[in-house]
There are 2 protein chains.
Amino acid sequence: MSEIITEMVKEKINEFIDRSKDLGLKVTPQRIAIYKELASTDQHPSTETIYKKIKDYYPNISLTTVYRTLETFEKLGLISVVNVLYNAARYDANLDPHNHIVCTVCKKVEDVYDASLTTLDISDKTLGEYQIKGYSILLNGVCKDCRSN
Amino acid sequence: MSEIITEMVKEKINEFIDRSKDLGLKVTPQRIAIYKELASTDQHPSTETIYKKIKDYYPNISLTTVYRTLETFEKLGLISVVNVLYNAARYDANLDPHNHIVCTVCKKVEDVYDASLTTLDISDKTLGEYQIKGYSILLNGVCKDCRSN
DNA sequence: TCTTTAATGATAATGATTACTATTTCCAAA
DNA sequence: TTTGGAAATAGTAATCATTATCATTAAAGA
Ligand SMILES: [Mn+2]
Ligand SMILES: [Mn+2]
Ligand SMILES: [Zn+2]
Ligand SMILES: [Zn+2]
């Protein structure tokens with residue numbers, strides 16, 4: 001299992017490197033580390049969380065670099081921001097169509113795959129004044145752990 | 001028109017006062033001012049914006065009070081938070097079922113009334129592990145002004 | 001009116017993010 | 001393979017939004 005994940009992550013990193021080159025982004029060890037951490041989890045980590053993980057094996061990476069890099073990746077569409085909480089931004093390297101649910105108690109963010117939520121027809125509905133680009137659905141509830149607490 | 005809005009707002013304020021009493025909240029001039037500003041607009045203002053408006057006629061109101069009061073109102077369900085941007089929280093006194101669209105350029109937030117978006121069946125779908133409370137849909141696009149720019 | 005307790009205002013503290021700048025490093029061209 | 005220069009990084013200071021603290025004030029029931 002962990003082997004398979006590692007292989008998948010390796011693939012993703014290679015794709016990431018290719019895309020970086022296409023985009024004219026320099027491929028640095030920091031950027032690879034940041035992308036790798038994000039691609040290795042489905043936890044939607046914050047900047048700080050990613051920073052701490054990398055610190056373990058790359059002790060002199062700068063928090064500033066992590067902030068800047070995540071922002072760069074996001075602007076270029078290499079990753080996405082999961083805008084869920086009112087404090088820290090949470091990131092996601094998974095670009096497959098999906099939505100998220102947040103536990104209102106422990107603030108955990110999990111993926112929700114449901115075709116009926118990713119295929120809403122919003123083209124003509126809504127405000128005619130807007131040129132609609134997309135939408136995101138954020139569900140909220142209480143997770144199993146927090147219910148049994 | 002402006003007369004009619006004023007009447008509607010007056011009504012809302014009276015309802016707000018009644019609800020406050022029911023909830024055991026003290027009715028203070030600060031609270032009335034904050035609720036009034038929020039009930040008078042469809043712009044989804046931030047704390048800072050509300051604070052500045054009130055300052056004009058109530059110069060010694062404290063920014064802290066505005067923060068604290070909006071949080072109190074939100075916790076009690078008197079208003080809602082529109083979680084759209086990554087910086088400041090935006091509030092809404094309009095509790096009718098509706099969603100929001102953000103202009104990705106100017107960050108304006110507008111209401112979207114569309115029954116098909118407010119009546120999604122999320123009860124059984126999604127993660128069985130969660131006890132679902134609700135959902136919010138955030139559309140994004142470019143507004144008319146920003147397209148003609 | 002009096003009393004109690006919640007609410008407020010002033011200010012300090014915190015947490016997340018951004019700005020700045022000197023130094024380093026990627027990488028394309030020679 | 002070297003090398004020049006632009007891009008990226010690290011370290012630090014600054015900023016912005018929000019929260020904590022605490023002494024003072026005021027709403028509202030007795
Ligand atoms: Mn996700
Ligand atoms: Mn609204
Ligand atoms: Zn939970
Ligand atoms: Zn706009």
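The chains referred to below are lettered A, B, ... by the order of the sequence lines, with proteins before strands, and numbering in each begins at 1. Computed from a predicted structure; not experimentally measured.
- For B:Asn60 and C:dT8, the CG to C1' distance is 10 Å, given to the nearest whole Å.
- The backbone N or O of A:Leu139 lies less than 3.5 Å from no partner atom in the side chain of B:Tyr130, so there is not a single donor-acceptor pair.
- With B:Asn99 contributing its side chain and B:Ile137 its backbone, the two residues share a donor-acceptor pair below 3.5 Å.
- Residue A:Ser62 places no side-chain N or O under 4.0 Å from the OP1 or OP2 atom of D:dT9.
- Ring geometry for B:Tyr35 against B:Phe16 counts as parallel: the plane angle stays under 30°, on a 0 to 90° scale with 60° as the upper cut.
- When the P atom of D:dT18 is taken as reference, atom OH of B:Tyr91 falls 7 Å away, rounded to whole Å.
- With contacts defined as side-chain heavy-atom distances shorter than 4.5 Å, the pair A:Asp92/A:Asp111 qualifies.
- Atom CZ in A:Phe73 sits about 8 Å away from atom P in D:dT9, given to the nearest Å.
- A salt bridge does not link B:Lys12 with B:Glu15: none of the charged nitrogens is closer than 4.0 Å to a carboxylate oxygen.
- Set against C:dT17, D:dT9, C:dG9, the side chain of A:Ala88 has C:dT17 as its closest nucleotide.
- Side-chain atoms of A:Thr41 and A:Thr49, non-hydrogen and from C-beta on, never get closer than 4.5 Å to each other.
- Rounding to whole angstrom units, NZ of residue A:Lys75 and C1' of C:dT17 are separated by 13 Å.
- The shortest distance between side-chain heavy atoms of B:Ser80 and B:Leu95 falls below 4.5 Å.
- Of all nucleotides listed (D:dA10, C:dT8, D:dT9), C:dT8 comes nearest to the side chain of B:Thr69.
- A:Leu63 and A:Tyr57 end up in the same hydrophobic cluster when Ile, Leu, Val, Met, Phe, Trp and Tyr side chains are linked at under 4.5 Å.
- Here D:dA26 presents its P atom at 15 Å from CD1 of B:Ile32, a figure rounded to the nearest Å.
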Next on the checklist: Strictly under 4.0 angstrom, non-hydrogen atoms only: write out the protein contact profile of nucleotides 18-30 of chain C, one letter per nucleotide from the 5' end, B, S or -.
Outcome noted: BB------BS---
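- Residues of residues 41-59 of chain B having a heavy atom closer than 4.0 Å to DNA chain D: none are found.
- Atom-to-atom, CZ of B:Arg31 to P of D:dA26 comes out at 15 Å; the value is rounded to the nearest Å.
- A donor-acceptor distance shorter than 3.5 angstrom exists from the side chain of A:Arg147 to the backbone of B:Glu129, with no hydrogens or angles considered.
- At whole-Å resolution of the value, CG in B:Leu23 and C1' in C:dT5 are 18 Å apart.
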